[in-house]
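Throughout, protein chains are lettered first and strands after them, A, B, ... in sequence-line order, and every chain is numbered starting at 1.
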Number of protein chains: 2
Amino acid sequence: MESLDRTDRKILELLQQDCRITIKELAEKLHLSNTPVYERVKKLERSGIIKNYVAVLDPEKIDRSMVVFISVSITKHTRDVVQKFETEVLALPEVMEFYITSGNFDAMLKIMVKDMHAFQHFIQEKLSKFEYITRFNSTFVISSAEKIGYDL
Amino acid sequence: MESLDRTDRKILELLQQDCRITIKELAEKLHLSNTPVYERVKKLERSGIIKNYVAVLDPEKIDRSMVVFISVSITKHTRDVVQKFETEVLALPEVMEFYITSGNFDAMLKIMVKDMHAFQHFIQEKLSKFEYITRFNSTFVISSAEKIGYDL
DNA sequence: ACTGAAAGCACTTCTCC
DNA sequence: GGAGAAGTGCTTTCAGT
């Protein structure tokens, strides 16, 4: 992390909120001309601090209102089995995130589905196909809130 | 969810991967002219299916390599207490996500910190200040993978 | 590191199909 | 619902400090 100054942090803050802001607008907010802002943004992209720019969709509007965390235990823990499991599970459209974790279980999945019926279908038709899973436990999300970006 | 056709889904897929793609490039990939692509993107924005456009930062490069899920139990469950708790906890820079959940605990936090020392500091100096928390349990993330966007 | 200006290019609108 | 063209405005570069 090559030291970010006040200006860089402000740029990152604004781009995390809305990455379609123009260089011109950024420059105005920072009381600078286009050039230094443009150069700083490009540098932040080249250094990899800014990984990418993505459109965020509304889960409700695309039938993904239901969020469930599923903790799972698996039989084998060799590198290739875990890797294969990760790849296959992430290929399922319902699975959004995959974590190898400490604690009583070995891994945790975050899934997003339309409703309870879709959840049931996921468990019965998809998750149960994985031979390596010995047990699992579902935690339903009643409400959620997340931060827009990182505080720098 | 006003039915998305094949073109809309392709547009959303591409914008979820890189929202800085130009209308011109989008149009070329879809074998269309600028106009229909432009109109479709604007409609997706107006309808709220596209919520916003954000820059994604690399956690490693901004000292947020360590991810921990903390399940917590709280004493009171009235609407205002829970709401206050959510607001205060999300105001902490370490806390990225907050969930009210079913199961053995009442809520779950996803926190991202630099290292174990920063985690210890968070627990001892910040989380322990919340009077309503009766108990909590930390699950450390050993490795993680997440999908770029939703499969439509 | 920043300013200011200029060229290039994409966005946005409009007309027509 | 889409094509093509034109005007506008932002991006990107470059000379200068």
Side-chain angles (χ1 to χ4, degrees), chain A residues 1-64 93 114 148-152, chain B residues 1-64 148-152:
Chain A
M1 181 176 177
E2 47 273 44
S3 61
L4 302 169
D5 65 10
R6 185 167 203 76
T7 306
D8 286 328
R9 287 199 297 273
K10 188 69 184 169
I11 288 173
L12 290 174
E13 185 193 317
L14 292 166
L15 286 177
Q16 284 189 106
Q17 285 165 19
D18 173 17
C19 71
R20 284 235 166 155
I21 188 174
T22 62
I23 295 290
K24 188 178 193 286
E25 275 182 293
L26 268 178
E28 283 163 10
K29 284 181 193 289
L30 296 165
H31 305 294
L32 285 169
S33 61
N34 287 5
T35 315
V37 176
Y38 177 78
E39 295 293 351
R40 279 167 180 271
V41 171
K42 291 301 160 192
K43 186 176 175 187
L44 289 165
E45 291 172 355
R46 281 195 307 272
S47 71
I49 291 178
I50 295 175
K51 272 207 303 192
N52 55 352
Y53 299 100
V54 306
V56 179
L57 310 189
D58 185 339
E60 310 264 341
K61 294 202 162 67
I62 52 169
D63 290 341
R64 301 297 194 98
K114 182 182 180 185
I148 307 134
Y150 300 97
D151 297 321
L152 298 171
Chain B
M1 180 175 178
E2 49 273 48
S3 61
L4 301 170
D5 64 11
R6 184 166 206 78
T7 305
D8 285 328
R9 287 199 297 273
K10 188 68 184 171
I11 289 174
L12 290 174
E13 185 191 318
L14 292 165
L15 287 177
Q16 284 187 105
Q17 284 164 18
D18 172 19
C19 71
R20 283 232 166 157
I21 188 173
T22 62
I23 295 290
K24 190 179 192 291
E25 276 181 293
L26 267 179
E28 283 163 11
K29 284 182 193 288
L30 295 165
H31 305 295
L32 285 170
S33 63
N34 288 4
T35 315
V37 176
Y38 177 79
E39 296 292 353
R40 281 167 180 270
V41 170
K42 290 301 160 194
K43 186 176 175 187
L44 290 166
E45 291 172 355
R46 281 195 307 271
S47 71
I49 290 178
I50 296 175
K51 271 207 303 193
N52 55 351
Y53 298 100
V54 306
V56 180
L57 309 190
D58 185 340
E60 311 264 340
K61 293 202 162 67
I62 53 169
D63 291 340
R64 302 296 194 98
I148 307 137
Y150 300 97
D151 297 321
L152 299 172

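- Along DNA chain D, the nucleotide nearest Ile21(A) and the nucleotide nearest Val37(B) are compared for position; the residue whose nucleotide lies closer to the 5' end is Val37(B).
- Glu39(A) has its CD atom 11 Å from the P atom of dT12(D), to the nearest Å.
- The backbone N or O of Ile148(B) lies less than 3.5 Å from no partner atom in the side chain of Gln17(B), so there is not a single donor-acceptor pair.
- Rounded to whole angstrom, the span from the CZ atom of Arg46(B) across to the P atom of dT12(C) amounts to 12 Å.
- Using a 4.0 Å heavy-atom distance criterion, Thr22(B) is classed as a sugar-phosphate-only contact.
- When side chains are defined from C-beta on, Leu152(A) counts as touching Leu57(B), because their heavy atoms get closer than 4.5 Å.
- The CZ atom of Arg9(B) sits 13.0 Å away from the CG atom of Leu14(B) when rounded to the nearest 0.5 Å.
- One finds a side-chain N or O of Tyr38(A) lying less than 4.0 angstrom from the OP1 or OP2 phosphate oxygen of dT12(D).
- Atom P of nucleotide dG2(D) and atom CG of Asn34(B) are separated by 13 Å, given to the nearest angstrom.
- Considering NZ of Lys51(B) and CD of Glu60(A), their distance stands at 8.5 Å, rounded to 0.5 Å.
- With hydrogens and angles ignored, a donor-acceptor pair closer than 3.5 Å exists between the side chain of Thr35(A) and the base of dG4(C).
- OP1 or OP2 of dA1(C) has not a single side-chain nitrogen or oxygen of Arg40(A) nearer than 4.0 Å.
- Rounded to an integer number of Å, the gap from Glu28(A) CD to dG4(C) P is 13 Å.
- At whole-Å resolution of the value, NZ in Lys43(A) and P in dA1(C) are 6 Å apart.
- Between the CG atom of Leu26(A) and the C1' atom of dC2(C) there is a distance of 16 Å, given to the nearest Å.
- Minimum atom distance to the side chain of Lys24(B) is reached by dA10(C), of the listed dA10(C), dT3(C), dT11(D).
- Considering CG of Asp18(B) and CG of Leu26(B), their distance stands at 9.0 Å, rounded to 0.5 Å.
- Computed from coordinates, the Arg20(B) CZ to dC10(D) P distance equals 14 Å when rounded to whole Å.
- Here dC2(C) presents its P atom at 15 Å from CZ of Arg6(A), a figure rounded to the nearest Å.
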